[in-house]
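Report on the following structure.
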Amino acid sequence: MGSEHYRVLIIGGGTGGIATASLLRRAGVERIAVVEPSKDHFYQPLWTLVGAGVVRPQATRRPESNYIPRGVRWVRDTVAELSPETRRVQLLSGAKLSYDFLVLAPGVRPELDAITGLREALATPHVSTNYSYELAPKTWELIRNFRGGVALFHMPSTPIKCPGAPQKIMYLAADYWRRHRLLAASQVIYGSGTAAIYGIKPYAMVLEQVLARYGIDARFKHELVEIRPEQREAVFERANGDGCERVSITYDMLHVVAPQRPPRFVTDGPLADERGWVSVDQYTLSHPRFAEVFALGDAAGTPNSKTGASAAKQARVVAANLVSRLNGEEPSARYDGYVACPIVTGYGRMVLCEFDYSGNATPTLPWLDTFRERYDMWLLKRYGLPLIYWNFLLRGRAIPFVARETVPSVSHTRLHLAPARP
Ligand code: FAD
């Protein structure tokens, strides 16, 4: 079987993949293809509000075809294998593609077998997760029908997309029960593998007050290892001196988050780092060995939190650096590690956490005190960010305040294409 050749092949048509494709098209790059199996595109950040009964799930889903930029080929297939030496990609259908430049944006998949009993537990009426389009509405059913008892919210210690999401839904649930006079009859427990409520001190201090306001029992360095759905029991491991001990919590409802990893063609392939993420220079986002390969979004091995806001910033860096390479220049755009994590702390309240690789807070709107819980930030999350996502980010347009950097145009007279290695 022959293989179709593309100047730029983008793997994954989610946040990072579509944003990059749009920016490259606007820069004048031709012969781009996006490999994406899903017929739908999801705005995942709203799944938190689906789980809280604020947004209908359908509002987070739109046809993928509406967001493939004009002039870009959509290959509706799944990548099975990569060969960066020959610049070839093997698809699940058996077809093969080849490329001059490769952009990896395949996101992460839940590792449902990493926690014993997790798969079975999710099928019971007491356990849900917002990390799935299908299950987020079930979270809302659990919160709505809860009549008191133990509500357990879990957070793994390993990297996950939007590491704030496991606590956001907990605050929303606690607020709902407070308004319905059920909070006093409830024990809300946060069982987290992490060492603190948040890794960035000024935001952690705000969130500690939120925990206290709802009377949440936060248990850190607790790694969920098993769920016994029959007994409604969650088993955690926690360090105890030199060893570790097991602690069981019996729940009436459980919100759980599976550990996450990139797809197998990445973790088991030649482009992965030792932890299974795509190996990249954290600033240029290009692969250290294969200069024509770039990665962004949740699958990229950058040492920071995985959020859609980061992918939005990274898309501009990848597009600019890829165009530089096409023009025969060295990549000069740099990703500074920007992360934005809108932590919803109740109905009508939100803290906007923003920081970079240095761990310093980098508020986009310095004239607003975004360190405190605000109603206008809630409106941003509920209405503003989805609007920006569908109309600016995915279309490759400048995003007011957040992503204004322009991508240089490709110079068709100077196209620089290094030959594939034999
Ligand atoms: P995705 O957008 O997930 O896209 C990956 C794409 O790759 C998918 O379409 C998939 O089908 C495709 N793919 C997978 N495997 C293959 C393959 N083998 N071949 C071809 N294609 C493949 N971010 C924020 O900034 N703010 C928030 O408030 C926020 N809240 C969140 C709340 C929840 C509950 C969740 C689940 C996520 C949240 N996020 C938030 C995170 C945000 O959605 C992700 O960080 C962002 O979507 C990452 O973009 P990506 O392109 O890397 O991956």
Using the rule given for side chain to side chain donor-acceptor pair (under 3.5 Å), can you reason through Ser38 versus Asp40, listing the C-alpha separation, both sets of side-chain angles and the distance that settles it, and then say yes or no?
CA-CA 5 Å; Ser38 171; Asp40 295 311; 5.1 Å; no
Decide yes or no on salt bridge (Lys or Arg N to Asp or Glu O under 4.0 Å) for Arg325 and Glu330, but give the supporting numbers first.
CA-CA 6 Å; Arg325 284 241 184 266; Glu330 274 305 299; 3.5 Å; yes
Please walk me through it: do Lys39 and Glu64 pass salt bridge (Lys or Arg N to Asp or Glu O under 4.0 Å)?
CA-CA 5 Å; Lys39 71 173 178 37; Glu64 177 77 8; over 6 Å; no
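Phe220 and Tyr190 have perpendicular rings, their planes meeting at more than 60° on a 0 to 90° scale where under 30° would count as parallel. Taking the six-membered ring for Trp and thresholds of 30 and 60 degrees, Tyr347 and Trp378 have ring planes inclined between 30 and 60 degrees apart.
Of the N and O atoms on the side chains of Ser132 and Thr129, not one donor lies less than 3.5 Å from an acceptor on the other residue. For Tyr6 and Arg73, the side-chain atoms include at least one donor-acceptor pair closer than 3.5 Å. Judged by distance alone, the side chains of Asn130 and Thr139 do bring a donor and an acceptor atom under 3.5 Å apart. Judged by distance alone, the side chains of Tyr335 and Asn304 do bring a donor and an acceptor atom under 3.5 Å apart. With 3.5 Å as the limit, one finds no donor-acceptor pair spanning the side chains of Lys161 and Gln260. Tyr67 and Arg62 form a side-chain donor-acceptor contact under 3.5 Å, judged by distance and modelled atom types alone. At a cut-off of 3.5 Å, with distance as the only test, a side-chain donor of Glu354 or Tyr338 sits close to an acceptor on the other residue. Judged purely by distance below 3.5 Å, without hydrogens or angles, the side chains of Ser192 and Arg219 never pair a donor atom with an acceptor atom.
In this structure, the side chains of Val323 and Ser409 stay at 4.5 Å or more apart for every pair of heavy atoms.
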